[in-house]
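Notes to accompany the following structure.
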Amino acid sequence: MGENENATKTDFIRSKITDDLKLGKYSGRVHTRFPPEPNGYLHIGHAKSICLNFGIAAEFTGLCNLRFDDTNPEKEDVEYVDSIKEDVKWLGFDWQERMFYASDYFDQLYEWAVQLINTEKAYICELKSEEFKGYRGTLTEPGKNSPHRNRSATENLELFSGMKAGKFEENRYVLRAKIDMSHPNLHMRDPVIYRIINASHHRTSSKWHIYPMYDYAHPLSDSIENITHSLCTLEFEIHRPLYDWFIHALELESRPQQTEFARLNLTYTIMSKRKLLELVTEKLVHGWDDPRMPTICGLRRRGYSPNSIRNFCDKIGITKFNSSTDIALLEHCVRDDLNTTSKRVMVVLHPLRVVIENYPENQVEELDAINNPEDESMGSRKVPFSKEIYIEQNDFLEDAPKKFFRLTPGKEVRLRYAYYITCTQVVKDEETGEIIELRCTYDPETRGGSSPDKRKVKGTLHWVSARQAVDAEVRVYDRLFTVEEPDAVKDDDGYEKFLNPASLEILTNCKAEPSLADASVGSRFQFERQGYFNVDPDSASSEQLVFNRTIALRDSWAKKNK
RNA sequence: UACCCCGUGGUGUAAUGGUAGCACAACAGUUUUUGGUACUGUUUGUCUUGGUUCGAAUCCAGGCGGGGUAGCCA
């Protein structure tokens, strides 16, 4: 499956581009951009946009730029720039030499603002922000012209260069576009295009005291970069007339067009940058890369592969309809990818000691185990077997129902790649009644897991030889929220009530097969019969290996027993 | 209640005036040395009312429902 290269995508944006190309627009060029603001970490919703923009560029033999929309120094930081670059790269996309910053264009943007002043399309306004609101009108009433609207170009120019030179305190003046104070679209009511900010910028430091607004900087940056199709999310739809207005007012040759699509919503998660930041700062999670976070770095640490995320982005489609994608689809995509790529291995999460009474005391056998039944080229490995092993606690039941295929007194099961065993005795703690050990016998004729008489054994258990076992910690994750739409709560910050208290369970007494002893950080495995796991970076500083559970295997037995 | 956008199974999407299809989910079964994978089957849909048309999910009009917009954020 994977890439689905022949499956031509036909969403409305690609259709539009195809039409544009037929009409000979942009002389056949397609050039997109991914324009994050460096004020937070990228999440799965950004991945949708990244896959769209870079994907379209690749499909139409065009280009896609990475551009940091860094017009607000108060919120932005290099920390975010670095993480964004890393995440886009990790997802598998390449901006080649085309990494830009809106701040690269501040000089040009300033010149163009001067041009707008000279053509009487912009003016300096000194309304206080309270007054400003009064003049703007409301959704249902038109606004009124600012008393400074007809200031002379000369005076405007003088004030604007004073603003630039840092002569004024913040909020004293703004530069506004002169459009129409009675326009039904509020964004067209003489919007602010420059404001005074006396903060240090992460790239231009103290060079500027004025910073352009998004609505002004974005279309012009697109135009400078010769972008043809500027793709953004639905909430910018109402900004489009402004986007076009600046490009026309400045009579620019390069005229990109903006098209909007619906952002990604995922069930059981939140996607707002503000709320994700809150989870981090209030220590409700352990950081931006907490494996429970929907951030790219969180998913990476959790064990998601870039391919699985790209496949997911292909499957969700692109529309203008506000929808909510079932997180089960994401989970399907990661299982689907990891099934074909990850090495099988045996790890016991909740160990129960089993002594095989008729097995020779000090004997150790090296048994063959297949690394991946989906991919023969991944070969096989040896797993040690001995008299004492661990199995999973829930693979034994003293009083088992009919459909229970696992170990129960008197019934035979298969140990994967090893032998058939039968439970003969249950050893319990005299005080608590807790099962502490099982006594079993094995059939020496069943080495490797099959018998000469072909007798049927329904259950197969994973196991680990006790003496060779490697100790491990396993972090088992569940969804972060208990409700499908934590974002939909009325009182805006009440979503914390819906945090899942069981979203992280730490198991510290796990037993892994010895081949895992030197597993490297980040490597992904399937723990047979349990799920997909990867090695957490904490392994480097921890006494024992630390694994994250990426996702459990589908489990029709557990489902039936709910 | 101003303007703009959007309504297709439970969910996400396709069909561009001509047989409503795919995926996920759910359910049932086959295979299986992972109760995994694979495979097969089943259930469920065009918001509504009119109109145009031989023919409408698609075009038109009204209604209903959802979303967006009043930062000197992006």
Side-chain angles (χ1 to χ4, degrees), chain A residues 7 9-12 15 35-37 39-40 69-72 74-76 102 125 127 129 132-133 136-143 170-176 183-187 189 191-197 211 213-215 217-218 232-241 260 262 264 267 273-274 315-333 335-336 339-340 344 346 369-370 373-374 403-406 414-418 420 446 448-450 457-462 484 526-531 552-561:
Chain A
K9 296 196 253 324
T10 57
D11 57 78
F12 78 101
S15 307
E37 185 191 12
N39 69 343
D69 218 335
D70 56 349
T71 56
N72 186 354
E74 290 178 323
K75 293 189 175 171
E76 296 151 8
C125 184
L127 252 20
S129 55
F132 190 97
K133 279 178 192 162
R136 184 173 41 218
T138 68
L139 290 174
T140 50
E141 301 154 37
E170 290 187 7
N171 302 323
R172 174 75 187 278
Y173 296 111
V174 291
L175 182 68
R176 291 226 257 170
H183 199 108
N185 181 341
L186 268 64
H187 295 277
R189 317 237 263 229
V192 172
I193 60 183
Y194 267 94
R195 76 286 209 195
I196 299 169
I197 299 178
Y211 291 89
M213 300 287 289
Y214 167 87
D215 281 319
H218 205 89
C232 63
T233 44
L234 247 30
E235 68 270 26
F236 292 104
E237 195 161 37
I238 201 159
H239 297 239
R240 194 185 338 137
E260 311 83 14
L264 172 68
T267 56
K273 269 190 191 178
R274 199 201 88 226
K315 283 177 199 270
I316 55 181
I318 302 291
T319 64
K320 300 190 71 157
F321 179 61
N322 254 308
S323 63
S324 189
T325 298
D326 192 339
I327 197 161
L329 183 60
L330 214 212
E331 296 176 342
H332 161 80
C333 288
R335 282 196 193 99
D336 190 45
N339 176 46
T340 58
R344 270 59 170 172
M346 292 195 284
I370 293 163
E374 305 292 319
K403 289 281 192 176
F404 187 78
F405 304 146
R406 284 111 101 139
R414 170 168 36 235
L415 293 177
R416 182 138 230 231
Y417 302 125
Y420 292 179
T446 58
S450 62
V457 170
K458 185 75 177 169
T460 301
L461 311 187
H462 62 278
E484 256 193 44
Q526 186 199 95
F527 292 2
E528 294 229 21
R529 303 208 304 136
Q530 305 199 96
L553 248 28
R554 288 181 50 159
D555 188 346
S556 49
W557 169 245
K559 199 181 287 178
K560 199 177 289 181
N561 285 287

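- Residues passing the side chain to side chain contact (heavy atoms under 4.5 Å, CB included) test with A:C232 are A:F236, A:Q258, A:E260, sequence neighbours excluded.
- With sequence neighbours excluded, no residue forms a ring pair (Phe, Tyr, Trp, His ring centres under 6.0 Å) with A:H462.
- Residue whose closest nucleotide on RNA chain B sits further toward the 5' end, between A:T325 and A:D70: A:T325.
- In this structure, the side chains of A:E170 and A:I197 come closer than 4.5 Å at one or more pairs of heavy atoms.
- Under the salt bridge (Lys or Arg N to Asp or Glu O under 4.0 Å) criterion, A:E235 pairs with A:R263, sequence neighbours left out.
- Remark: A:L139 engages A:L186 in a side chain to side chain contact (heavy atoms under 4.5 Å, CB included) (not counting sequence neighbours).
- A search for salt bridge (Lys or Arg N to Asp or Glu O under 4.0 Å) contacts involving A:R195 returns nothing, not counting sequence neighbours.
- Among the nucleotides B:A14, B:U32, B:G36, the one closest to any side-chain atom of A:R344 is B:G36.
- Straight-line distance between the C1' atoms of B:C39 and B:U32: roughly 12 Å, to the nearest whole Å.
- For A:T319, the side chain to side chain contact (heavy atoms under 4.5 Å, CB included) partners are A:F321, not counting sequence neighbours.
- Under the stacking criterion of a centre-to-centre distance below 5.5 angstrom and an interplanar angle below 30°, A:Y214 is not stacked against the six-membered ring of B:A74.
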Task: Strand RNA chain B as a dot-bracket string - pairs counted if Watson-Crick or G-U with both distances under 3.5 Å, | where the partner lies in another strand - done: .((((((..((((....[..)))).(((((.......)))))....(((((..]....))))))))))).....

Heteroatom pairs (N/O) under 3.5 angstrom, protein to nucleotides 21-28 of chain B:
residue	atom	partner	partner atom	Å
B:A26	OP1	A:K559	NZ	2.9

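- Under the side chain to side chain contact (heavy atoms under 4.5 Å, CB included) criterion, A:P241 pairs with A:N185, A:M188, sequence neighbours left out.
- Every ring pair (Phe, Tyr, Trp, His ring centres under 6.0 Å) that A:F527 has, sequence neighbours left out, goes to A:F533, A:F547.
- By the salt bridge (Lys or Arg N to Asp or Glu O under 4.0 Å) test, A:D11 is found to be paired with A:R14, residues two or more places apart in sequence or in another chain being considered.
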Open item on the list: Generate the contact string for nucleotides 66-71 of chain B. Rules: B means base contact, S means sugar-phosphate contact only, - means no protein heavy atom under 4.0 Å.
Closed with: -SBBBS

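- Shown here, B:G36 is classed anti by the O4'-C1'-N9-C4 or O4'-C1'-N1-C2 angle, which is more than 90° from 0.
- One P atom belongs to B:A57, the other to B:G66, and the distance between them is 25 Å to the nearest Å.
- Distances from the side chain of A:R529 to the nucleotides B:G35, B:U13, B:C72 place B:G35 closest.
- Remark: ring of A:F405 overlaps the six-membered base ring of B:G35 in a stacked fashion, centroids less than 5.5 Å apart, planes less than 30° apart.
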